[in-house]
Amino acid sequence: MTPAPRFERINTVATITLVVVSVVLVGMLGRVAQLQIAPSESLRPFIQERLSVRPEIAPRGDVFDRRGRLLAATRTGERVFVDPAEFAQPWDESMIRLARALGADPADVGARLFPRLAEHARRMEAGGQPIRYVRVSDILSDQQAESVRALKIRGVHLELAAVREGAHAFVASSILGRVDVDHAGQFGAERVFNARLQGRDGRLRYVRDARGGPLWIEHGGYTPPYAGEPVFLSIDLRLQSIAEEELERAVTAQDAAGGRAIVVDPDSGEILALVDIIRDLGPGAAAPWGQRPVPGGPQRRTIIPPDPNRLIHPAAGRNRNATDLYEPGSTFKAFTWSVMTEAGVVKLDEELKTGGRAWRTPYGRTIRDVFGRDRQTWRDALINSSNIAMSMIAERITHKQMRDGIMKFGFGQRTGVGYEGEREGRVPPARGWSKYSQTSVSFGQEVAVTPVQMARAFCVFAREGEQAGTIPELRLSAVDPLVPETQVVRRVLPASVALAARDAMAVVGQKADERMRFRKLDTTYRYSMFGKSGTAQVALPGERGYVPNQYISSFVAAGPVASPRVVVLVVIDDPGPETIARVEHRGSASAAPVVRRILERSLSYMGAPPCAPDEVAAAR
Amino acid sequence: MLRAGHVIGLCVLALLCMGVVMVNSADMSVQRAEAVTFGSIIGSRSSWYMLAALVAMLAAACLPARWLPDARWMGARVTLLHPVLLIGAFALLGLLLMVYLPVLGREVKGSARWIHVPLIGSFQPSEVVKWGMLLLLALYAAWQGAQRMARFNRLVVGFGVAAVLSGVVATEDLGTGVLMMAGATVLLVAAGVSAWKLALFIPPAAGAVALAVFTSDYRMRRVTTFLNPFEDPADAGYHMIQSMTAVANGEVFGRGLGFGLQKFGYLPEDRTDFLFAVICEELGVVGASIVVALYLGVLWAGLSVLRRIPAHADACRLFALGVLATLGFQAVINIGVVTGLGPTKGIALPLLSSGGTGWILTALSLGVLIAMDRAWPAPVDDEYSADSYDDEPADAPAVFVRDRERVLS
């Protein structure tokens with residue numbers, strides 16, 4: 001038998017067809033394997049995990065004052081953004097509806113929105129990437145958010161955002177600082193304590209579908225957020241208000257360019273209040289000595305360096321208590337007096353022949369006193385603020401003794417309070433320390449300090465018991481009464497010298513009080529104080545010499561004398577021409593009344609027992 | 001012992017089960033109200049389609065295959081344009097054109113491919129025509145006999161019918177049209193059409209395909225996109241890139257059943273034409289190999305059945321060949337498209353891609369192969385012997401004897 005041709009043909013065609021199909025199918029398995037094991041370079045970028053990460057923002061810790069008053073807290077709010085790729089046409093009509101819902105001026109909303117929309121349109125025409133996010137509002141009220149939600153305009157979305165706000169934040173905004181758009185501390189205490197406040201953000205990593213919706217969370221894809229710690233600042237809101245109120249009143253009354261005040265607990269080193277005021281005197285300010293501004297004539301110099309950031313937000317400005325130096329003048333004598341006393345080159349009751357209002361140093365420099373005295377004891381030299389006596393005794397110690405003694409008070413070094421841009425002050429370097437320096441420094445010239453340095457150094461005289469003569473660590477956070485911390489202290493003076501200086505300065509305080517009574521500024525004081533005034537000229541910027549008739553007046557004091565609870569420093573920057581004309585620009589007349597009132601009100605608020613009348617009288 | 005028909009049945013069952021599971025897996029979405037569970041899969045529409053397909057396969061398997069009228073029945077009555085061919089061809093053509101009827105026709109995604117029959121539902125007539133045309137051509141070729149089929153006029157008629165029907169399908173679905181033409185060509189070549197004469201039709205056929213591509217923007221774009229899908233990954237190349245990405249994501253064992261990502265809005269047509277990509281992503285190379293193995297099982301078991309069909313039952317043999325070739329080509333084209341080896345086409349993966357019409361008619365066609373296996377269970381002698389006619393019907397017309405003698409001579 002011979003095979004039928006068609007029978008064979010069908011078998012052959014069928015076999016060939018199926019062999020070819022089988023080979024191709026198996027070959028395609030190879031293609032599958034190739035795509036999975038070694039995809040092409042072009043395809044590789046597309047083979048990626050469809051993952052989205054959503055940050056779980058850790059709630060930022062709240063900030064309180066030392067008594068638990070809320071200064072700053074975080075809440076969640078909603079704000080509006082527009083997706084230009086989806087924004088409903090016509091754009092102007094949608095924008096106007098959105099503006100109405102926000103209760104905003106359409107021109108303002110349009111100014112934010114339209115440039116970005118135009119840019120989006122330009123990119124689309126050029127085949128570029130679209131713009132998908134244009135923020136058009138800050139945090140909305142609940143009512144505004146509801147209005148926007150009800151609009152249902154395509155491309156208008158609400159997003160959640162953290163808001164930092166506080167009930168009393170306006171009082172201490174310059175201390176509190178603020179957070180940036182990422183909710184990280186940007187200025188002030190928010191920055192100083194950022195590590196504690198910020199907590200640790202969590203994250204949710206999920207597999208998403210093509211619309212971005214979450215599908216599932218891979219193992220280990222969720223890290224919970226850890227909230228930041230609450231921080232209790234050392235600031236007391238009430239004391240802060242008192243200091244702000246008193247300083248503002250004085251600065252305005254004296255037509256000063258500005259003022260600074262700081263209240264410190266000498267025992268713990270806590271800063272209880274910190275105020276910094278700058279007044280805008282404007283162009284054409286009255287010239288010194290009350291002259292009317294004359295075109296082309298002398299004008300009052302602006303001695304406070306401009307701070308444009310402060311205009312944007314009070315917290316954004318620099319805190320001049322830590323950043324701006326000033327020449328302390330006579331307030332510095334308390335420290336040099338103590339250094340010289342500790343050196344043992346002079347006794348408290350040693351009588352010095354100061355010879356009137358002028359004295360020539362051995363190297364020929366003439367030193368003058370405001371009030372000339374032929375003789376005075378070393379103790380009285382501090383009370384009288386005698387430049388001559390300071391210069392005379394400064395000749396008895398070495399330059400190194402003087403410089404090291406000053407440095408032990410912390411001058412020329414940052415306090416470490418944590419403020420951004422804190423300056424370390426200026427103390428002449430050892431190599432450049434000349435005999436002129438020895439004399440000048442003895443009565444507070446050639447040095448420059450910050451208010452925080454000065455306040456901390458003055459605690460040496462205000463600390464009690466064994467700590468008298470030691471310097472505390474200045475701090476912006478409150479000491480936890482349940483977790484007593486060992487105060488890091490440095491001995492600066494023997495306690496006896498510190499108490500001797502305090503004793504002398506109590507008379508200074510008494511004289512200041514008398515002067516105030518004379519000026520009928522106040523009549524009754526319940527607390528005694530000791531302190532030292534200073535009136536410094538302002539160095540010409542970039543030149544030798546001083547600005548004529550413009551001063552920085554200061555007074556630093558502590559009270560009550562027997563058991564100091566607070567140290568108060570007030571610096572009045574550039575008292576106005578009229579004040580100078582009345583000779584009320586000196587520290588004892590300009591800053592001392594402010595210190596006195598802050599001290600009086602603070603101690604009263606703190607519940608300090610009033611001093612016995614005889615103690616106050618004795619101090620007087 | 002398993003027979004070839006059993007293997008076909010089991011492979012079809014396995015493919016359908018896999019299809020039901022994978023279609024439901026691909027159907028997952030975030031927006032879906034109900035979760036995909038065992039219960040939801042059992043109650044899903046695809047499960048009902050599977051059931052219908054199995055019933056169709058079993059029903060077809062019960063058909064008396066040996067009764068299919070072959071050359072012995074026709075004898076000298078064979079004419080060039082046989083009325084059965086003409087009536088059948090016009091019936092199929094009419095069925096195809098029904099998609100354009102305003103009431104019955106349904107347009108989906110810009111193509112008029114569906115007919116909606118009240119109480120029955122929607123189906124794609126092209127699926128019916130695809131298998132119906134094979135049966136028609138198999139009968140025609142068998143009746144004509146090998147010698148007549150070698151004549152040019154038979155070639156023109158056979159190829160012309162296939163071309164007309166495929167061409168009408170191609171106007172709405174080029175891929176299916178090409179597939180039908182390929183299956184018909186294999187059938188006609190096996191039926192005795194001279195290869196060199198057939199080659200004369202290649203230029204006009206290629207020209208027609210080229211014309212179809214060049215006159216349609218979207219077809220042209222598909223071709224250019226196939227050549228470089230990464231030129232426009234966000235638009236024209238998106239589909240192909242996402243498909244290849246799905247395949248590439250699978251690795252050896254896949255992400256796990258239900259854990260594919262591309263189906264969540266990234267890969268279009270994931271339930272239908274690109275289901276193989278979902279299989280590769282979720283079941284990996286292993287899953288893809290199982291699919292290919294099942295197809296090979298159907299094909300080679302079908303070949304075994306074909307080989308056992310006696311020579312006089314040419315219609316069955318040719319129809320079986322057409323079914324196997326069409327099934328194989330369809331699988332090759334679909335997998336080729338999914339893996340980026342061919343331009344994107346609307347070709348479903350047989351017995352896997354979601355689609356009731358496709359599942360039922362493919363299972364029905366393979367059920368006919370099972371019927372053939374049942375009709376001729378014993379292996380036949382390779383040689384054309386008188387024994388081959390032992391099973392001829394008792395009432396076979398006398399002309400058959402004459403025809404046999406003519407063939408033998």
Side-chain angles (χ1 to χ4, degrees), chain A residues 1-52 127-130 206-219, chain B residues 29-31 145-146 149 186-187 189-192 229-230 233 241-242 244-245 247-252 259 261-262 264-266 280 284-285 288-289 292 295-296 299-300 302-303 306-307 310-311 314 317-318 320-321 324-325 327-329 331-332 335-336 339-341 381-385 407:
Chain A
M1 292 287 184
T2 54
R6 182 186 259 189
F7 185 89
E8 280 303 314
R9 189 181 175 104
I10 293 174
N11 280 357
T12 305
V13 170
T15 306
I16 290 172
T17 303
L18 294 197
V19 165
V20 169
V21 167
S22 302
V23 168
V24 173
L25 281 175
V26 172
M28 283 173 172
L29 274 183
R31 167 67 171 170
V32 169
Q34 180 257 317
L35 282 173
Q36 294 180 345
I37 296 164
S40 68
E41 285 304 314
S42 306
L43 183 63
R44 209 177 286 274
F46 297 92
I47 305 169
Q48 55 188 347
E49 287 296 307
R50 311 288 192 181
L51 289 175
S52 286
Q129 290 291 315
Y206 59 88
V207 180
R208 64 170 191 273
D209 67 2
R211 293 181 176 184
L215 292 173
W216 61 78
I217 301 169
E218 299 276 10
H219 180 69
Chain B
S29 75
V30 179
Q31 287 75 31
M149 280 306 291
V186 168
L187 190 151
V189 167
F230 300 101
I241 290 171
Q242 294 304 323
M244 288 192 287
T245 302
V247 174
N249 277 339
E251 300 182 1
V252 177
F259 283 94
L261 289 178
Q262 292 293 97
F264 289 107
Y266 297 102
C280 288
V285 174
S289 302
V292 170
Y295 283 130
L296 293 180
L299 294 177
W300 287 94
L303 182 64
L306 183 147
R307 282 178 174 278
D314 275 352
R317 290 162 61 78
L318 289 171
L321 173 59
L324 294 176
L327 185 82
F329 290 159
V332 164
I335 296 175
T339 53
L341 295 174
D381 192 343
D382 281 346
E383 296 193 345
Y384 195 80
S385 65
V407 171

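Naming convention: chains lettered A, B, ... in sequence-line order (proteins, then strands); numbering from 1 in each chain.
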**Request:** Not counting sequence neighbours, list each pair that qualifies as a side chain to side chain donor-acceptor pair (under 3.5 Å) and has a residue in residues 22-31 of chain A.
**Result:**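 The answer is A:Ser22-B:Trp300, A:Arg31-A:Gln34.
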
**Prompt:** Side chain, backbone, both or neither: which part of A:Ser42 has a non-hydrogen atom closer than 4.5 Å to chain B?
**Reply:**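 Its backbone and side chain both get close to chain B.
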
**Asked** Is chain B contacted by the side chain of A:Val32, its backbone, both, or neither, given a heavy-atom distance below 4.5 Å?
**Response**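 For A:Val32, the contact with chain B is made by backbone and side chain together.
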
[Y] side chain reached by [X] side chain, heavy atoms, under 4.5 Å:
X	Y	value
A:Arg9	B:Val189	yes
A:Val26	B:Leu296	yes
A:Asn11	B:Arg307	yes

Once you round to the nearest 0.5 Å, how far does [atom1] of [X] lie from [atom2] of [Y]?
X	Y	atom1	atom2	answer
B:Leu341	A:Leu35	CG	CG	8.0 Å
B:Thr339	A:Leu29	OG1	CG	10.0 Å
A:Leu25	B:Tyr295	CG	OH	9.0 Å
B:Leu261	A:Trp216	CG	CH2	4.5 Å
B:Thr245	A:Phe46	OG1	CZ	7.0 Å

**Prompt:** Taking atom CZ of B:Phe230 as the centre, does the number of heavy atoms from other residues, nucleotides or ligands within less than 6.0 Å exceed 12?
**Reply:**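 Result for CZ/B:Phe230: enclosed.
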
For chain B, find which of [options] contributes the most heavy-atom pairs closer than 4.5 angstrom.
options	value
A:Leu18, A:Val20, A:Val21	A:Leu18
A:Arg208, A:Met28, A:Arg50	A:Arg50
A:Ile47, A:Thr12, A:Ile16, A:Leu43	A:Leu43

**Request:** Grab the two heavy atoms, one from A:Ala33 and one from B:Val285, that are nearest each other, plus how far apart they are.
**Result:**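 For A:Ala33 and B:Val285, the tightest heavy-atom pair comes out as CA-CG2, 4.3 Å.
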
**Asked** Donor-acceptor pair, A:Gln36 side chain versus B:Val247 backbone, under 3.5 Å?
**Response**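 Side chain of A:Gln36 to backbone of B:Val247: a pair is present.
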
**Item:** chain A contacts, top residue of B:Leu187, B:Leu306, B:Leu303, B:Ile335 (heavy-atom pairs, under 4.5 Å)
**Value:**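 Maximum pair count with chain A is reached by B:Leu303.
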
**Asked** So which of B:Pro233, B:Ala248, B:Gly265, B:Pro229 has the biggest tally of heavy-atom pairs under 4.5 Å with chain A?
**Response**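 Most pairs with chain A among the choices: B:Ala248.
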
**Message:** Determine whether B:Leu324 and A:Thr17 satisfy the following criterion, side chain to side chain contact (heavy atoms under 4.5 Å, CB included), listing intermediate values before the conclusion.
**Reply:** CA-CA 9 Å; B:Leu324 294 176; A:Thr17 303; over 6 Å; no

**Contact class of B:Ala191 relative to chain A, heavy atoms under 4.5 angstrom** =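 When you check distances to chain A, atoms from both the backbone and side chain of B:Ala191 fall under 4.5 Å.
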
**Item:** ring pair (Phe, Tyr, Trp, His ring centres under 6.0 Å) involving B:Tyr266 - partner list, sequence neighbours excluded
**Value:**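 Partners of B:Tyr266 under the ring pair (Phe, Tyr, Trp, His ring centres under 6.0 Å) test: none.
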
